Every structure is written in structure tokens, then in C-alpha cells.
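The sequence lines fix the lettering, A, B, ..., with proteins before strands; numbering per chain opens at 1. This structure is a prediction, so every number in the text was calculated from the model and none was measured.
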Protein chains: 2
Amino acid sequence: MREKTTRFVLLGALAAAGPLTGFDLRRWVGAELGAFWSESFGQIYPGLRELQAEGLVAAADRGGEGKPYRITPAGRAALLAWLSRSPRPERARSELLAKLHFGRFLGTESVRALLEAARRHASERLESVQAEAEALAQRTTGEERVFAQLTSERLLSVARAELAWAERALRTVEALEAGGPDAALATLA
Amino acid sequence: MREKTTRFVLLGALAAAGPLTGFDLRRWVGAELGAFWSESFGQIYPGLRELQAEGLVAAADRGGEGKPYRITPAGRAALLAWLSRSPRPERARSELLAKLHFGRFLGTESVRALLEAARRHASERLESVQAEAEALAQRTTGEERVFAQLTSERLLSVARAELAWAERALRTVEALEAGGPDAALATLA
DNA sequence: CACGCATGTATCTAGAAGATACATATCTAA
DNA sequence: TTAGATATGTATCTTCTAGATACATGCGTG
């Protein structure tokens, strides 16, 4: 059974920037972690309720609008325990690769369109990760900045690898069109 | 609302290797697409029922054990239509990056352990993708082999990028321990 | 014979993605 | 002034998928 990671990310957000309302939490996660994490209200509100019932967060007594929450000492301990545990290996489905695997059912025109979409997505991703990395460099210092930059570096290197692959793959498909499977395989050697 | 991709992958599997039983379908997806896709029985059986109700698959009249299904012409058309649509941009959560982002709450010992786990996962991933790529090269020919190799190439290049990053990140954390944030940031320049 | 494994069907639970609904306040355009 | 748009805020529902669990049959092994 998968463990609910939402709770820990909410704790982390409150530790970093609390007190925050449910709405603010979603906004914070989007702004700070958006390149590699997302949370929906469907998880946030029930998650906060649960964390509160367990004493890991409490309503903050800050005046103003909304219902802000703060992390408790027990919540900090729970956050640290989670952070110390080895992360699950990443597994994700790739619709692009599934479609490419079945590429033989498509004409090469359609395969080319598929790879062009992949190139576009990779390029957009690279741009947005770069822009975010630059913004982060501006607004963080010290240790926080080290970790922020490490996360950006990983995203950037994956994005670059994916873009480079898309470009090579397009060339392979061109060779397939021009000279058949053997010519295509020759570009992969 | 997300579109159910299970149905199309089931159609693709039946087009490629059908007729297949529910059990075989899961096995086939694991063997052929396992590096970038997964399906559980929780989706397969209801999915087949649905596809059959819609006339996209039919019970195959092959004797023997189990209840094999085959794709229908309508199913082929639906598969082709899906394959021709632009894939959704990939989005995945990374527990590793979420934990790394909150790294400032951990001691560097724990951060190092986190990155060592990342390196181990990346290395294992690279090995398994390489082994699968070699096996695929042996059992496929022609166009099928071109597409299989393109998918392997993408997985390999991402795995290599992730491994290289983990190694660099470990060096950054060593610099952080030895010389503080400025020394760490210098390794990232 | 009992147990383990393989093939096979089926369904349930839990986590997350995303949509929808409702409320209040403020600002802007007609 | 009013209506619509936008922002902040809370809440919940539906849908998709991951993964566990249950049951059944047949075969092989100790």
C-alpha cells in the first residue's frame, strides 16, 4: 500500500513557510515545488483535517482571513522521520513511449508528429525549468539555495537528455522513411 | 478529466500479440512495456469488459485454457486514433526531489544517505534498462526493432543523466560539509 | 497427501488528479 | 449602479490508477 505523501509535503510546506491556509498551501506547493510535485484541494483539506486530528498541525492564532495552520513539534518530528527514509524509486508511465512502442501501427508521418510533440514538450520543459532555476537563485541563499539548485540541476539534466533524444529520434525516423529499417538502425549504432 | 489510457494499451497489446487472456495481458505489458508502463488487474478486467461491451474487442474462439480476447476492426480504428493524438506532457512527482528540497531540515549525513539512495536507484535503473534493451534487440527485427530501440534510447539517456547528477550532487554535499554553502555553490557553477 | 507455484478471474481499498460547488470581497467596465 | 471577472477561501465529488486480496484449478514436488 502506498503511503500518503501529501501529508509530509504539507508538513514540509508549513515548516518552511507556515502558517498557511489550505489555499496558500496549494499555491506554495505550485510555486516552490511545481516542477516536480503537485497537490490538489482534494488532498489538501482532508489532509489538513487528518494532520490536525493527529496533533501534527494546529490552527494558527493569526488574525485575518481564512484558517491558517502551523506545524507542531510532533509534526516536525514526523516530517524529519519521513525525510530520513529512503525515497521510493521513481516510476511513471510514459504515454509517449507507449505510443512509440506501437509506432509500427502508424505511418511514419504520424510517428514524426509524435516525436515533434515530444521535442516541443521537452523544449518547453527545459525553458520553464531554466526560468525557475534562475528565479530560485535570486530568492534563496545559503543552504536553502544549495538544495534548490541541486533539484534544478536534476530537472535540467533530464530535460536536456529528453530534448537531445527527441532530436536524434526525429533523425532516425527520417532515415526510416528514406532507407527503411536498416538505415534507421544504423543511426542508432 | 483524465482519459483512461489503460484501454488503449490493452488494444495495442492485443493488436501486437493477441489473442490474450487478462492474465497474459498483464504479463505482456510487464514484459514488453514494463520499463515505462504498468497495468494492474484492477484495470485489466473491467477494461476488457468495457472494451467488449463497446465492440472494440471480442472473445477469441481459440480453444484451451482461459478466456482470450482479440481486437476487432473497430478496436484497431480506436487504437490508431489514440496513437495519432499528441501525448500528454509527462508529469510525475519525485519524492527524492521533494525530500531534497526540504534538505535544510536534515543534517548532511541524512542528505548524503538520500543521495546515495538516488545513486543506487539510478544505477539499478540503468542496468535494468540496458539489459532489457539488449534482450529487445535480440527478439525484434525491422520496424518493430527501430521503435523498440528508440524507446530504450530515451530511457537510457534519462537514466544516465540521473546517475551523473546523483554523483555530482554527492560531491556538492561533501563540499557543503567541508566548506559550507559557498563551497557547495561553487561546485554547481 | 499437503504445499507451493503457475495460470486465471475477479474485486476491493487507497492514493492522487482534477473537476465542481459554494462563499465572500474587491475591482472594473458598461 | 449593476454585472461580471478575479482573488481568496473552504469543501467535496468523481475518476483513474496502484496495489492488495480473494478465489479457483491444475500441476509438480517433498
Exercise. Relative to each other, are the rings of W28(A) and H101(B) parallel, tilted or perpendicular (30° and 60° limits)?
Worked result: perpendicular
For this session: Could you tell me the separation between the OG1 atom of T5(B) and the CD atom of E39(B), rounded to the nearest 0.5 Å?
Result: 6.5 Å
Exercise. Does R27(B) or R91(B) map to a spot on DNA chain C nearer the 5' end, using the closest nucleotide for each?
Worked result: R27(B)
Atom [atom1] of [X] and atom [atom2] of [N]: how far apart are they, to the nearest Å?
X	N	atom1	atom2	answer
K67(B)	dT25(D)	NZ	P	15 Å
Y45(B)	dT7(C)	OH	C1'	9 Å
R93(B)	dG18(C)	CZ	P	10 Å
L25(A)	dA11(D)	CG	P	13 Å
E39(A)	dG15(C)	CD	P	13 Å
F23(B)	dA24(D)	CZ	P	17 Å
E50(B)	dA10(C)	CD	P	15 Å
W37(A)	dG18(C)	CH2	C1'	17 Å

Give a yes/no answer on whether the side chain of [X] brings an N or O atom under 4.0 Å of OP1 or OP2 in [N].
X	N	answer
R49(A)	dT12(D)	yes
T5(B)	dT17(D)	yes
S38(B)	dT17(D)	no

Exercise. Within the structure shown, what part of the strands sits under 4.0 Å from G22(A) by heavy-atom distance: base, sugar-phosphate, or nothing?
Worked result: sugar-phosphate
Seminar exercise, completed: The nucleotide from dT12(D), dC16(D), dT11(C) with an atom nearest the side chain of F41(A) is dT12(D)
Problem set entry | Shortest side-chain distance from Q43(B), nucleotide among dT17(D), dT12(D), dT11(C) | dT17(D)
Is [Y] close to [X] at the side-chain level, that is, under 4.5 Å between some pair of heavy atoms?
X	Y	value
Q43(A)	R26(A)	no
E54(B)	E50(B)	yes
L126(A)	E162(A)	no

For this session: Kindly say whether, by distance alone, the side chain of S40(B) makes a donor-acceptor pair under 3.5 Å with the base of dG19(D)?
Result: yes
